[in-house]
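The figures that follow rest on heavy atoms only: side chains count, while hydrogens, waters and symmetry mates do not. Naming convention: chains lettered A, B, ... in sequence-line order (proteins, then strands); numbering from 1 in each chain.
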Amino acid sequence: MTNNNSWLVVLAGPTAVGKTKLAIELAEYFKTCIINADSRQLYKELQIGTAPPTPEELNKVEHYFVQILSVKDYYNVSQFENEVISLLYELFKTRKLIFLVGGSGLYIDAVCNGIDDMPNYDPELRKELLIQYEKNGIDWFRALLKKLDPNTYQNIDLKNKNRIFRAVEVCLQTGKPYSYFLKNTKKHRPFKILKIALNRNRLELYDIINNRVDKMTEKGLIEEAKSLYSFKNYTPLKTVGYKELFDYLENKYSLDEAIDLIKRNTRKYARKQLTWFRRDKDYRWFHPNDKSLIIHYIENNINERTFF
RNA sequence: GGUACCCUAGCUCAGUUGGUAGAGCAACGGACUGAAAAUCCGUAGGUCGUUGGUUCAAUUCCAACGGGUACCA
């Protein structure tokens, strides 16, 4: 895979825009496989709410990283990066083009650029810090961060408690400031990358999202959420489509309110994804219906027509 | 038909003892390094129901009209 003719083609875009369908058509055309880059389609229990490829679709094209984990498993972007990269080493032995398809911007960037080497989080420490947080509030945490890592304190969003938590955790775990690990260096990849993003008219996208939520409830999303209720505090269940139904099951909302909230939060999520992909100027934008334009774009870039 | 109350941002509602107005949600934009479908930040948007009166000045007080809600007949 050290040759320069290996291509990773990224297909990104907001949820419900049509990535899955188009990716399968493209993979069939180029006779290759798909690596999923959607942080929630990794989990096998999330069958309905994350709109993973259907069994028929999975049969058409070889897929990787779809429903490989349990919601009980701990997982993170760094593991994803490492596992995808070693899989790519294998796959590029027999293929020249591979698709990376999904909507999780951070996961895609981790594969394309890499992320810095840092310690994993320590559940015990986090539990302890959570207790401190409840007791002392966010100001106490800010002060602690300022003491442990003035550099990060200067640069971080001090209103974002997840960021503060993470930085403090790394400092306490390693005895070194978080900023020591944060090098922001782009890793070299022994393959070329072509980035494609999909988008469509906003109202049309919202319409598709709203309809898809209705279809999910018809398919049994509520039952699925009920069956996963006992895992509601696990990270993978902090997901649009599930968290709202957990609140419904706790009588915080009516069912109708919960479903409206799922639609609203999915629309919001789509916008957040667009913000992420817009920032990266390497993306070339297409409408999901422009399949032949996309095929030309890929072929023009890779300069070859056979892929075996 | 009578009485009372209401009409302010796309929605739900604050508010101005008279000096042309805000919150939450929605909309739109942005940030993003082991929680990322997470977690945060910002922007815009109103002839304050209509018409008239009082006043230096009315979204605010008064009247009529229109629309709504509740109660009484």
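At the phosphate of B:G30, neither OP1 nor OP2 sits under 4.0 Å from any side-chain N or O atom of A:R271. In this structure, A:R166 reaches the B:G34 phosphate: one of its side-chain N or O atoms is under 4.0 Å from OP1 or OP2. Residue A:R264 places no side-chain N or O under 4.0 Å from the OP1 or OP2 atom of B:C25. Applying the 4.0 Å criterion to OP1 and OP2 of B:C28, one finds that A:Y206 has a side-chain N or O inside that range.
Heavy atoms of A:Y178 sit under 4.0 angstrom from primed sugar atoms or phosphate atoms, though from no base atom. When heavy atoms are screened at a 4.0 angstrom cut-off, A:G49 is found touching base atoms of the nucleic acid. If you check every strand for non-hydrogen atoms under 4.0 Å, A:T15 touches nothing. Among the protein residues, A:T235 comes within range of the sugar-phosphate backbone only, with heavy atoms under 4.0 Å from sugar or phosphate atoms but none that close to a base. Contact annotation for A:D38: base contact, defined as any heavy-atom pair under 4.0 Å involving a base atom. Within 4.0 Å of A:Y242, counting heavy atoms only, lies no atom of the nucleic acid at all. Within 4.0 Å of A:Y107, counting heavy atoms only, lie sugar-phosphate atoms of the nucleic acid but no base atom. A:D260 comes within 4.0 angstrom of no nucleic acid atom, judged by non-hydrogen atoms across all strands.
B:A57 and B:C61 have their C1' atoms separated by 13 Å, given to the nearest Å. For the C1' atoms, the distance from B:C7 to B:G49 is 6 Å, rounded to whole Å. Atom name P, nucleotides B:U17 and B:A26: the rounded distance is 32 Å, in whole Å. If you take atom C1' in B:U54 and the same atom in B:U60, they sit 14 Å apart, rounded to whole Å. The separation of B:U47 from B:C62, taken at their P atoms, amounts to 24 Å, rounded to a whole angstrom. Using atom P as the reference point in both B:G19 and B:A58, the two lie 11 Å apart (nearest Å). Distance check on atom P: B:C11 versus B:A63 gives 29 Å, rounded to whole Å. Separating the C1' atom of B:G52 from that of B:C5 is a span of 23 Å, rounded to the nearest Å.
With rounding to whole Å, A:Y121 atom OH is found 13 Å from B:A38 atom C1'. The interatomic distance linking A:Y269 (OH) with B:A38 (C1') rounds to 10 Å, in whole Å. Taking atom CZ of A:F165 as the reference point, atom C1' of B:A35 lies 11 Å away to the nearest angstrom. Put simply, CD on A:E83 is 17 Å from P on B:G34, counting in whole angstrom units. Rounded to a whole Å, the OH atom of A:Y43 is 13 Å from the P atom of B:A38.
For A:K183 and A:Y180, the positive end sits near the middle of the six-membered ring, less than 6.0 Å away and at most 45° from its axis.
Checking B:G34, B:U39, B:G29 against the side-chain heavy atoms of A:R278 singles out B:G29 as nearest. You'll find that the side chain of A:V77 is closest to B:G34, out of B:A31, B:G34, B:C28. Closest approach to the A:K268 side chain among B:G34, B:A31, B:A26 is made by B:A26 (side chain taken as heavy atoms from C-beta onward). With B:A35, B:G29, B:U33 as the choices, the nucleotide that has an atom nearest any side-chain atom of A:R202 turns out to be B:G29. When the nucleotides B:A35, B:C41, B:G34 are ranked by their closest atom to the side chain of A:D157, B:C41 comes out on top. Here the nucleotide nearest the side chain of A:K159, chosen from B:U33, B:A38, B:C40, is B:C40. When distances run from any side-chain atom of A:S104 to the nucleotides B:A36, B:U33, B:A31, the shortest one goes to B:A36. Distance from the side chain of A:T275 is smallest for B:G30 among the nucleotides B:A35, B:G30, B:U33.
Relative orientation of the A:Y74 and A:Y121 rings is tilted, given thresholds of 30° and 60° on the angle between their planes.
Looking at A:Y283, A:W285, A:F286 one by one, the single match for ring pair (Phe, Tyr, Trp, His ring centres under 6.0 Å) with A:Y297 turns out to be A:F286.
By the 4.5 Å heavy-atom criterion applied to side chains, A:I35 and A:V101 are not counted as neighbours.
Applying the 3.5 Å distance criterion, the base of B:U33 shares a donor-acceptor pair with the side chain of A:N184. Judged by distance alone with a 3.5 Å cut-off, no donor-acceptor contact links the side chain of A:N162 to the base of B:U39. Side-chain to base pairing of A:R267 with B:A27: no donor and acceptor N or O lie closer than 3.5 Å to each other. Under 3.5 Å, the side chain of A:K272 and the base of B:A38 form at least one donor-acceptor pair of N or O atoms.
Summarising the local packing, CD of A:E128 is surrounded by 12 or fewer heavy atoms from other residues, nucleotides or ligands at distances under 6.0 Å.
Its glycosidic angle being more than 90° from 0, B:G45 falls on the anti side.
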Legend entry - Pair A:Y43-A:Y75, ring-ring contact (aromatic ring centres under 6.0 Å, His included): steps then yes or no: CA-CA 10 Å; A:Y43 299 96; A:Y75 201 69; 7.3 Å; no
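Nearer to the 5' terminus of RNA chain B, by closest-nucleotide assignment, is the contact made by A:N76 (compared with the other of A:Q273 and A:N76).
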Less than 3.5 Å apart, which donor and acceptor atoms pair up between the side chains of residues 229-238 of chain A and the rest of the protein, not counting sequence neighbours?
from: A:Y229; atom 1: OH; to: A:E250; atom 2: OE2; distance (Å): 2.5
from: A:K232; atom 1: NZ; to: A:E250; atom 2: OE2; distance (Å): 3.3

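Under a 4.0 Å N-O distance rule, the pair A:K31/A:E62 does not qualify as a salt bridge. Using a 4.0 Å cut-off between a side-chain N of Lys or Arg and a carboxylate O of Asp or Glu, A:K187 and A:E81 qualify as a salt bridge.
Taking hydrophobic clusters as Ile, Leu, Val, Met, Phe, Trp and Tyr residues chained together by side-chain heavy-atom distances below 4.5 Å, A:V71 shares a cluster with A:V77.
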Legend entry - Pairing string, 5' to 3', for RNA chain B - Watson-Crick or wobble contacts under 3.5 Å, brackets [ ] where pairs cross, | to another strand: (((((((..((((.....[..)))).(((((.......))))).....(((((..]....)))))))))))).
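We find the CG-CD1 distance between A:L194 and A:I302 to be 8.5 Å, quoted to the nearest 0.5 Å.
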